[in-house]
Amino acid sequence: MQKVKIKMTDQNSKSDLMEKIISLCKRRGFVFPGSEIYGGLANSWDYGPLGAELRNNIKQLWWNRYVHRRDDIVGLEAAIIMNPKVWEQSGHVATFNDLLIECKGCHQRFDQEKMESGKCPLCGKEKFTEPKLFNTLFKTFIGTVEDAKSTAYLRPETAQGMFVDFKQVLDTSRKTVPFGIAQIGKAFRNEITPGNFIFRTREFEQMEIEYFIPVPKIESDWQDVFEIWRKEMHSWTEAIGINTEHIRDYEVPETERAHYSKKTIDFMYEFPFGEKELYGLAYRTDFDLKNHFPEPPYRDNHSPVGEHESYWPHVIEPTWGVDRSVLAILCEAYTEDGDRVVLKLKPYLAPYKAAVFPLVSNKPDIAGKAREIYDTLRKKYAIAWDDRGNIGKRYYSQDEIGTPYCITVDYQTLEDDTVTVRARDSAQQERIKVTELPEYIGSRVGMLS
Ligand code: GAP
């Protein structure tokens, strides 16, 4: 069979690819339209059983890589609704704005900066109202009275939790600068023009690190750390299976940078609907800590001159979107091999690490042995069970959701306690002793491999 990786260069196949991915996501339970039984809610998506596994695997990989494996980063889970003063101090109430324009033909509203041409994408008219500032903070009210005093915001970035809790983390973790605080969590933005499936939504999840460094004495003091993180972010994209050729570093010009940043690199990915920001890296200077702490929050007890020096550490911030990671991973992994769809996910990201099949389901000995293997393996790994249809169909079905290994229990198993293990990408099969299966699977799907 001829292997055809859908090429990202051809316009038709690109929109085709997007449709195929959306359809696969719905059909197999990766991503569903949100609130569908009530007619849905525009641009809201729910992650189904397989999507939830994939997301969790991404987050686990990230947490393991940056929190567990590093001595200089600790984790945090701050509240989503914070004191509204946080957002006043951070500058978000005043400046977290998009430029809203309205089409004079169909009255649809758009974010001017995200428009790809001067034409309304809905009606084609070229006349718009003058742009006006629209604050994208998601407002809510705390308690029973809905007035200005009870206004609160759903956080638009997880970052502020790391700044506001900086001293408490410092006191309890006893870390010294340079060190980082990492957080995974939901963020909310009242985007004017969400869209492109899970790419831009109003509710999404971020994985962020605020990496605190001493006050730079020369430019290279922060630039070197910035470069280390730039390389690290490329290494991460490789780890999740993204071809580095599909990523371009874009240095955001000053006029487009967020209010807190002195330098920003957007990691642009070739999505099927165009090249867009996947992740970001920013030098936030001491902007945030200075906004929240009138007194320097850090005291260096090992200052070289022997004096205790207090200061506001500076911050390098690498930030990753979980939902955009899911989408980019699916775009990279989606492959067609004849009429077979194979999701070539990294094994440690795959929703199921293996599937167990009895060759025939009406033979109690075979079905019983298969169940035994399934029960043993799923104590440690996410394992699928399938006893429907024929083996060929089961392979296809597991390939489509990226399961790296399929284990078949057959007549020979009853004689010599071996099973067939078939690998997703090569479709090669080998005979493995049942007792060796946990090690066989474990050594191939673990995050450390
Ligand atoms: N703390 C810095 C910050 O929030 P950002 O570039 O605005 O920076 C970081 O967001 C990442 O969050 C983006 O690179 C993207 O992956 C993700 N993201 C931002 N807005 C999003 C949205 N509306 N929908 C989905 N993901 C989004």
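First listed ligand is number 1; within each ligand, the first listed atom is number 1. Source: prediction; values computed, not measured.
Ligand 1 has at least one atom lying under 4.0 Å from a heavy atom of Leu278. By the 4.0 Å heavy-atom criterion, Phe188 is excluded from the residues contacting ligand 1. In this structure, Asp323 does not count as a contact residue of ligand 1, since none of its heavy atoms falls inside 4.0 Å of the ligand. Within the 4.0 Å heavy-atom shell around ligand 1 one does not find Lys276. Under a 4.0 angstrom heavy-atom cut-off, Phe199 registers as being in contact with ligand 1.
Against a heavy-atom cut-off of under 4.0 Å, Tyr260 is close to the following atoms of ligand 1: 2 (C), 3 (C), 8 (O). In summary, the atoms of ligand 1 found under 4.0 Å from a heavy atom of Gly280, numbered by their order in the structure, are 14 (O). When each atom of ligand 1 is checked for a heavy atom of Glu317 under 4.0 Å away, the hits are 1 (N), 2 (C). Atoms of ligand 1 lying under 4.0 Å from at least one heavy atom of Gly321, given by number and element, are 16 (O), 17 (C). Set against the non-hydrogen atoms of Glu208, the atoms of ligand 1 under 4.0 Å away are 1 (N), 2 (C), 3 (C), 4 (O). The Arg284 neighbourhood of ligand 1 comprises atoms 1 (N), 2 (C), with distances under 4.0 Å to a heavy atom of that residue. With ligand atoms numbered from 1 in the order given, ligand 1 contributes 1 (N), 2 (C), 3 (C), 4 (O) to contacts under 4.0 Å with heavy atoms of Glu157.
Neither side chain, Arg340 nor Tyr396, offers a donor N or O lying under 3.5 Å from an acceptor on the other. With hydrogens and angles left out, the side-chain atoms of Arg109 and Thr193 include no donor and acceptor closer than 3.5 Å. For Thr129 and Glu102, the side-chain atoms include no donor-acceptor pair closer than 3.5 Å.
Going from atom OG of Ser90 over to atom CG of Asn291 covers 7.5 Å, rounded to the nearest 0.5 Å.
Ring orientation note: the planes of Phe226 and Trp222 are nearly perpendicular, at an angle over 60° on the 30°/60° scale. Relative orientation of the Trp385 and Tyr374 rings is tilted, given thresholds of 30° and 60° on the angle between their planes. Taking the six-membered ring where tryptophan is involved, the planes of Tyr66 and Trp320 are tilted, since the angle between them lies from 30° to 60°. The aromatic rings of His234 and Phe267 stand perpendicular to each other, their planes meeting at an angle above 60°, with 30° marking the opposite boundary.
With hydrogens left out, the protein atom closest to atom 15 (C) of ligand 1 is Arg324 NH1, 3.6 Å, a heavy atom. The protein heavy-atom contact nearest to atom 13 (C) of ligand 1 is Glu277 OE2, 3.2 Å. Taking atom 7 (O) of ligand 1 as the reference point, the nearest protein heavy-atom neighbour is Arg189 NH1, 2.8 Å. Looking at atom 12 (O) of ligand 1, its nearest protein heavy atom turns out to be Gln206 NE2, 3.4 Å. Nearest to atom 11 (C) of ligand 1 among the protein's heavy atoms is Thr319 OG1, 3.7 Å.
Inclusion of Arg200 in the set of residues having an N or O under 3.5 Å from an N or O of ligand 1 is not warranted. Checking only distances, Thr201 does come within under 3.5 Å of ligand 1, N or O to N or O.
Residue pairs satisfying the salt bridge (Lys or Arg N to Asp or Glu O under 4.0 Å) criterion with at least one member in residues 275-292, sequence neighbours excluded, are listed as follows: Glu116-Lys276, Glu157-Arg284, Arg248-Glu275, Arg284-Asp288, Arg284-Glu317, Asp286-Lys290.
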Applying salt bridge (Lys or Arg N to Asp or Glu O under 4.0 Å), run through Arg55 and Asp323 and close with a yes or a no. CA-CA 8 Å; Arg55 277 174 80 87; Asp323 310 82; 2.7 Å; yes
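Of the candidates Tyr279, Phe204, Phe267, Phe204 brings a heavy atom nearest to atom 20 (N) of ligand 1.
Annotation: Tyr211 is in aromatic contact with Trp229 [ring centroid separation under 6.0 Å].
Here Glu36 pairs with Lys26 in a salt bridge; the nearest charged N to carboxylate O distance falls below 4.0 Å.
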